[in-house]
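Shown next, in structure tokens, is the structure this report addresses.
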Amino acid sequence: MSLVGKIERINGSLVVSQFEGEPKMGDLIEVGNLKLMGEIVRLSNEIAYIQCYEATSGLKPGEPVLDTGMPLMAELGPGLMGAIVDGIERSETDLWELTGPFVSRGTNISPLNRDKKWIFEAKVNVGDRVSGGDIIGTIQETASFEHRIMIPPGQSGVIKSINSGEYSVTEIIGELETDSGIINLTLMQRWAVRRPRPIRERLPLNQPLMTGQRVVDTFFPVAKGGAAAIPGGFGTGKTVTLQQISKWADADIIILVGCGERGNEMADVVAHFPEISDPRSGRKLIERTIIVANVSNMPVSAREASIYMGITLGEYYRDMGYDVVVLADSTSRWAEALRDISGRLEEIPAEAGFPAYLADRIAEIYERAGRVQTLGTDERLGSLTLIGAVSPPGSDFSEPVTTNTLRFIGTFWALDSELAYRRHFPAINWLRSFTRYMGVASEWWSAQDREWEEMRAKALSLLEEASQIEETARIIGEKALPDEQRLVLLMAEMFREGFLVQNSFHEVDTYCEAEKQAKLLKIMIEFYNTVNPLIRKGIPIEKVRELKIVKTLMRLKENRGVEPINSARLEIQYETDELAKEYEVK
Amino acid sequence: MGSIEAGLVYKTTSEIKGPILIIENVREVSYDEVVKIKRPTGEEVTGSVLDVSKEWAIVQCFGDTSGLDLDVEIRFTGDVLRIPVSEELIGRVFSGSFQPLDDMPLPLSTDLRDVNGGTINPAARDVPSEFIQTGISSIDGMNSLVRGQKLPIFSESGLPHNQLAAQIARQATIPGKEEEFAIVFAAMGIKNEEADFFRDEFEKTGALGKTVMILNLADDPPIERIVTPRIAETIAEYLAFDLGMHVLVILTDMTNYAEALRSISIAREEIPTRKGYPGYLYSDLATIYERAGRIKDKKGSVTLMPILSMPAGDITHPVPDLTGYITEGQLILQRELSLRGIYPPMNVLPSLSRLMKDGIGEKTTRKDHSDVSNQLYMAYAEGTRARGLVRIVGVVGLSDRERTWLEFADQFEQRFVNQGPYENRSIEQTLSLAWALLAILPKEDLIRIRESYIQEFHPTNKRER
Ligand SMILES: Nc1ncnc2c1ncn2[C@@H]1O[C@H](COP(=O)(O)OP(=O)(O)OP(=O)(O)O)[C@@H](O)[C@H]1O
Ligand SMILES: [Mg+2]
């Protein structure tokens with residue numbers, strides 16, 4: 001079964017080999033005496049081009065290569081929750097223990113721990129007819145996470161035996177009698193990472209993903225099962241935003257893919273997630289999180305694979321019937337890996353050196369997001385939301401990765417360096433961002449507050465109007481503007497400081513629940529509706545700005561809960577009444 | 001370099017193109033292997049294998065290739081590039097390819113380290129969080145440096161980035177701690193006098209005995225710059241993670257490094273991306289920058305301060321751009337501020353330290369530090385916006401509020417950013433100064449600071465108490 005061959009040439013991460021026999025595209029290869037891992041990316045006649053996942057220094061032409069006959073697979077089963085793995089799913093914690101703090105090469109360890117025993121509780125009986133996707137039992141993997149053991153896609157038959165008990169991932173938990181004979185059932189299955197896992201049916205999206213981040217949830221929400229992108233120059237807040245979503249999103253499972261980014265950011269998650277609790281379940285965040293960490297100084301080809309690995313893991317949990325969020329930081333590094341390999345293959349480059357198939361690959365990735373009815377007879381629903389950071393060279397959004405990503409996503413959070421410079425975080429530009437999931441989100445929000453849609457529209461239109469007025473102010477100065485326009489500027493400032501700015505390091509404001517978001521939005525609009533007539537009646541804008549309530553409104557977000565918002569409403573009434581009395585208008 | 005003297009010798013070069021040589025009929029050559037290329041003078045220069053097949057090898061030469069002919073002797077050493085490491089390296093001066101420049105022999109050591117180093121396993125990384133006081137307000141107050149961070153200085157020619165780096169090296173302390181430290185200084189294509197400046201600085205402060213210098217100067221072979229930073233970091237890693245020292249690595253100028261990389265790429269006719277730089281510039285820079293950090297259960301640390309010049313002051317140029325995408329923030333120097341006599345001419349708005357949050361706060365600096373920093377940023381941004389307005393509408397066109405912002409911005413630059421090259425401010429001094437400046441603004445406008453901190457730290461409140 002396994003073919004052997006010899007290395008002909010080594011050019012960086014690309015290894016060219018001759019095989020005796022016919023290897024297949026995508027086959028996983030053991031390269032050289034060190035048995036480095038690699039994958040066939042091109043075949044021509046008897047020559048195979050292999051992208052090697054590990055550094056190739058020291059390899060020599062003539063060294064052996066071995067075709068495993070299988071593509072790069074993810075091992076799927078219990079034991080991944082809370083883990084940090086590399087782009088080809090090797091546990092980095094285990095690698096550290098095994099080979100020290102520096103990554104070594106050619107260490108082939110199994111992704112899932114083979115020794116650990118899991119308490120399996122069977123949920124089917126002997127004689128039951130089952131098929132791909134059916135749940136045959138469960139494992140309480142962490143306090144908050146029930147791991148559902150499923151029949152792998154494509155298999156079906158009658159349960160011949162099944163037993164609850166303690167098992168490792170490779171031990172036989174039962175047998176399945178199929179048309180083509182008896183198959184052993186285990187807690188683990190494998191799936192080729194570049195192939196989407198099958199589903200029964202794609203469903204329309206019907207719910208926003210709540211992230212506790214106001215500018216996201218209120219203004220530019222993403223739907224559960226949707227796709228979003230967050231492009232921005234360095235230091236504008238991609239990673240922090242993704243980390244905030246991974247902390248506070250109302251999802252069951254979070255997969256964080258560090259694709260060609262900083263090692264310290266990965267270490268930061270590993271260090272802090274065990275300390276933070278999910279506000280809904282109260283469980284530690286690390287218990288619902290898997291980190292795929294392929295940092296910037298690891299070989300680019302494994303970086304290319306890491307996104308597929310992350311998505312495949314996500315699909316597996318989606319198939320159990322969970323809401324999964326996969327966060328990829330950064331898809332630009334993935335695209336660069338693609339470019340690097342393409343260049344070494346001497347393919348004809350299209351824009352900016354990227355291969356012509358860049359757009360197709362980006363589409364394939366975002367296509368794997370969705371809300372689905374999973375395989376299995378119990379009509380389970382699951383979703384996979386995919387959110388990708390984009391790092392455009394020179395912060396130029398017209399470059400190929402950003403423009404091609406735009407075509408395939410539903411929410412676009414455009415980060416803005418100017419906002420980041422004044423420490424307006426999240427630096428999501430409210431005029432350049434968009435969402436295509438507004439229908440889904442409006443429905444959800446309107447169920448909380450009937451006026452929500454109207455308020456959001458009013459807030460956005462005030463912000464937009466303010467930006468136009470600012471243009472004029474830049475030429476004639478704010479002082480020369482009519483007071484009504486200056487009120488719009490004041491409102492924009494209040495929205496910015498009191499609503500849009502959300503410091504992720506503030507102990508309270510790092511997370512803002514939906515109710516509080518809606519109430520904050522409402523009270524701002526109420527304030528506008530109360531003072532606007534006063535301004536029209538000639539009360540000077542300076543007087544309005546001096547009201548204590550202005551500062552109070554901008555700081556309401558810092559308080560826990562919604563009670564202070566309710567009491568601020570009375571304050572608005574009181575202070576504006578006083579003002580009206582002073583000027584004898586009513 | 002190293003102690004490998006054996007190896008197969010070939011005289012089968014078929015092409016020499018810039019820094020690249022193609023050697024035919026080679027056997028048993030491995031990827032990344034080091035070669036020795038014999039110059040007509042008999043001196044050997046180092047190179048390494050970039051691409052190898054059963055018949056040929058493509059080699060990059062770190063020295064000058066002019067004067068070589070196709071009969072040049074190439075010796076394949078059978079190993080990757082390694083340098084001997086030992087404690088004796090401290091205090092020494094080497095060339096950009098590790099030849100002693102101080103009339104002393106190469107250190108004797110059997111401990112040979114691959115200059116490419118390894119990748120620190122992310123799971124083994126310890127998050128850097130120890131605040132370093134540099135005594136410079138614009139850094140300590142708003143872009144705090146922590147041990148194990150990689151924080152570059154983006155500059156332009158003629159700006160005082162060298163003075164700044166030297167001041168940081170001279171003044172950096174961890175409040176309340178005395179520990180073993182070392183400096184590894186690597187020069188890539190900088191002028192002789194700049195290297196001398198650093199040497200004098202280190203000498204004056206007594207740090208020279210704690211310093212390793214790796215010097216590739218402007219008139220040294222440009223391609224050598226590819227190995228210079230790697231040698232420096234190999235030494236730094238050894239001092240930090242084997243000997244437990246806290247090492248500050250200064251690499252200057254990374255733009256010259258990137259140019260060396262570009263000329264190899266052009267000679268190989270690779271497809272360029274922006275400004276002729278190869279598509280792998282990001283990944284290549286990452287193999288240098290990511291070597292900074294801390295490792296769990298190890299005492300030492302590697303703090304990295306690369307200096308790079310932004311050609312034509314353009315921050316979107318590939319070298320600063322990709323650097324910013326890898327490092328944990330950036331300090332940006334600006335010509336305009338320098339012309340106005342402000343030292344350090346720190347353009348604080350686009351400057352950033354991402355690891356600041358872990359290093360500051362109640363336990364290390366002060367609880368109001370983070371809020372104060374955010375407020376300074378916001379106020380200064382408002383002030384510079386007002387300054388832009390003045391150019392169009394004049395000061396009279398400003399509202400009272402805008403005038404206050406403007407006043408703040410001016411004072412902020414003059415009193416907070418501006419300081420002497422030998423002025424060493426404690427973090428308390430920096431924060432009090434910040435509060436004194438924020439007091440220019442109405443309290444209502446201190447929106448980024450918690451009210452309880454305003455209560456506690458605002459100068460007017462303090463006086464009342
Ligand atoms: N919501 C936020 N609240 C407070 N600070 C923030 C927020 N978002 C970003 N920041 C600040 O901005 C810095 C940079 O953010 P981040 O690391 O997310 O940038 P990035 O876009 O991922 O950059 P790069 O492309 O270089 O990775 C952070 O270190 C933090 O100081
Ligand atoms: Mg980032």
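This one's a predicted model, so the numbers in the text were calculated from it and none came from an experiment. Proteins get letters first, then strands, A, B, ... in listed order; numbering begins at 1 in each.
Within the 4.5 angstrom heavy-atom criterion, no atom of B:N116 approaches chain A. Only the backbone of B:S351 comes within contact range of chain A, with at least one heavy atom under 4.5 Å from a heavy atom of that chain. Heavy-atom distances place both the backbone and the side chain of B:I120 under 4.5 Å from chain A. Contact of B:L50 with chain A is made through the backbone alone, with heavy-atom distances under 4.5 Å. Contacts between B:K357 and chain A at a heavy-atom distance below 4.5 Å involve the side chain alone, from C-beta outward. Residue contact with chain A, scored on non-hydrogen atoms closer than 4.5 Å, is absent for B:Q149. Residue contact with chain A, scored on non-hydrogen atoms closer than 4.5 Å, involves the side chain of B:R268 exclusively. With a 4.5 angstrom heavy-atom cutoff, A:E261 touches chain B via backbone and side-chain atoms both. B:P320 touches chain A through its backbone: at least one of N, CA, C or O sits under 4.5 Å from a heavy atom, while the side chain does not. For B:E402, the part lying under 4.5 angstrom from a heavy atom of chain A is the side chain only. Interface remark: B:I271 contributes side-chain atoms only to the contact with chain A (heavy atom separation under 4.5 Å). At a 4.5 Å heavy-atom cutoff, the contact between A:I476 and chain B is made by backbone atoms alone. Only the backbone of A:I7 comes within contact range of chain B, judged by heavy atoms closer than 4.5 Å. Looking at A:E347, the atoms closer than 4.5 Å to chain B (heavy atoms on both sides) all sit in the backbone: N, CA, C or O. At a 4.5 Å heavy-atom cutoff, the contact between A:V501 and chain B is made by side-chain atoms alone. Proximity to chain B (any heavy atom under 4.5 Å) is restricted, for A:H272, to the side chain, taken from C-beta onward. Heavy atoms closer than 4.5 Å to chain A are found in the backbone of B:L446, but not in its side chain. If you measure heavy-atom distances from B:F241 to chain A, the contacts under 4.5 Å come from the side chain alone. Only the backbone of A:A473 comes within contact range of chain B, with heavy atoms under 4.5 Å apart. When heavy atoms are compared at a cutoff of 4.5 Å, A:N503 approaches chain B solely by way of its side chain, counted from C-beta outward. Of the two parts of B:S48, neither the backbone nor the side chain holds a non-hydrogen atom closer than 4.5 Å to a non-hydrogen atom of chain A. For chain A, no part of B:V390 is nearby; none of its heavy atoms comes within less than 4.5 Å.
Distance alone, capped at 3.5 Å, places no donor-acceptor pair between the A:R423 side chain and the B:S373 backbone. Between the side chain of B:T119 and the backbone N or O of A:M298, no donor-acceptor pair lies under 3.5 Å. Of the possible polar contacts, one joining the A:R262 side chain to the B:I326 backbone as a donor-acceptor pair under 3.5 Å is found. No donor-acceptor pair under 3.5 Å is formed between the side chain of B:N121 and the backbone N or O of A:V103. Although no hydrogens or angles enter the test, the distance criterion places no donor-acceptor pair under 3.5 Å between the side chain of B:R274 and the main chain of A:P393.
Note on A:T239, A:V300, A:N264: by heavy-atom pairs under 4.5 Å with chain B, the leading option is A:N264. In terms of heavy-atom pairs under 4.5 angstrom with chain B, the leader among A:R474, A:E8, A:R555, A:E558 is A:R555. Ranked by heavy-atom pairs under 4.5 Å with chain B, the list A:A352, A:P349, A:G353, A:S104 is led by A:P349. Of the listed residues (A:S391, A:G233, A:G260, A:S330), the greatest number of heavy-atom pairs within a distance under 4.5 Å of chain B belongs to A:S391. When each of B:E33, B:E382, B:K298 is checked for heavy-atom pairs under 4.5 Å with chain A, B:E382 comes out on top. Ranked by heavy-atom pairs under 4.5 Å with chain B, the list A:P299, A:P392, A:G498 is led by A:P392. Per-residue counts of heavy-atom pairs under 4.5 Å with chain B were compared for A:K479, A:M554, A:R333, A:H424; the largest is that of A:R333. Contact count versus chain A (heavy atoms, under 4.5 Å) is highest, among B:A286, B:G388, B:A381, B:G293, for B:A286.
Considering only heavy atoms from C-beta on, A:R545 comes within 4.5 Å of B:R401 through its side chain. Residues A:P61 and B:R27 fail the side-chain proximity criterion, which asks for heavy atoms closer than 4.5 Å. Contact check for B:D32 versus A:T56: no side-chain heavy atoms found under the 4.5 Å cut-off. Proximity of A:S296 to B:Y282: side-chain heavy atoms (C-beta onward) are separated by under 4.5 Å at one or more points. For the pair B:D358 and A:D268, the minimum side-chain heavy-atom distance is below 4.5 Å. Using a 4.5 Å heavy-atom threshold, the side chains of B:I295 and A:P101 count as touching. Residues B:V29 and A:K60 are not in side-chain contact: their nearest non-hydrogen atoms beyond the backbone lie 4.5 Å or more apart. Counting heavy atoms from C-beta outward, B:Y280 and A:R339 have side chains that stay 4.5 Å or more apart.
In this structure, A:N11 CG and B:Y31 OH are separated by 6.5 Å, a value rounded to the nearest 0.5 Å.
For the pair B:R354 and A:F234, the cation-pi test (distance below 6.0 Å, angle within 45°) is failed. At least one test fails for A:R422 against the ring of B:Y377: distance under 6.0 Å to the centre or angle within 45° of the axis.
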Q: Could you please spell out the steps behind the side-chain contact (heavy atoms from CB on, under 4.5 Å) verdict for A:E497 and B:R448?
A: CA-CA 8 Å; A:E497 293 300 328; B:R448 298 281 169 89; 3.0 Å; yes
Q | salt bridge (charged side-chain N to carboxylate O under 4.0 Å, His left out) assessment of B:R450 paired with A:E507 | A | CA-CA 11 Å; B:R450 284 170 182 74; A:E507 63 279 8; 2.6 Å; yes
Q: Please step through salt bridge (charged side-chain N to carboxylate O under 4.0 Å, His left out) for the pair B:D51 and A:R344, ending with a clear verdict.
A: CA-CA 11 Å; B:D51 192 347; A:R344 290 182 198 277; over 6 Å; no
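No more than 12 heavy-atom neighbours from other residues, nucleotides or ligands sit within 6.0 angstrom of NZ on A:K548. Taking a 6.0 Å sphere around CD of A:E542, one finds it holds more than 12 heavy atoms contributed by other residues, nucleotides or ligands. Shown here is B:R403, whose CZ atom has more than 12 heavy atoms of other residues, nucleotides or ligands within 6.0 Å.
Residues A:A271 and B:V127 approach most closely at CB-CG2, 4.0 Å, considering heavy atoms. Nearest heavy atom pair, residue A:G263 against residue B:E290, reads N-OE1, 3.1 Å. Contact record, B:S399 with A:R486: CB-NH2, 4.2 Å, taken as the closest heavy-atom pair. In plain terms, the two heavy atoms of A:I84 and B:A123 that are nearest each other are CG2-CB, 4.0 Å.
A donor-acceptor contact under 3.5 angstrom links the side chains of A:R303 and B:S283, judged on distance only.
In this structure, A:K551 does not pair ionically with B:E444, as no charged nitrogen and carboxylate oxygen lie closer than 4.0 Å.
Across B:L349, B:T384, B:V348, a single residue satisfies side chain to side chain contact (heavy atoms under 4.5 Å, CB included) together with A:Y421, and that is B:L349.
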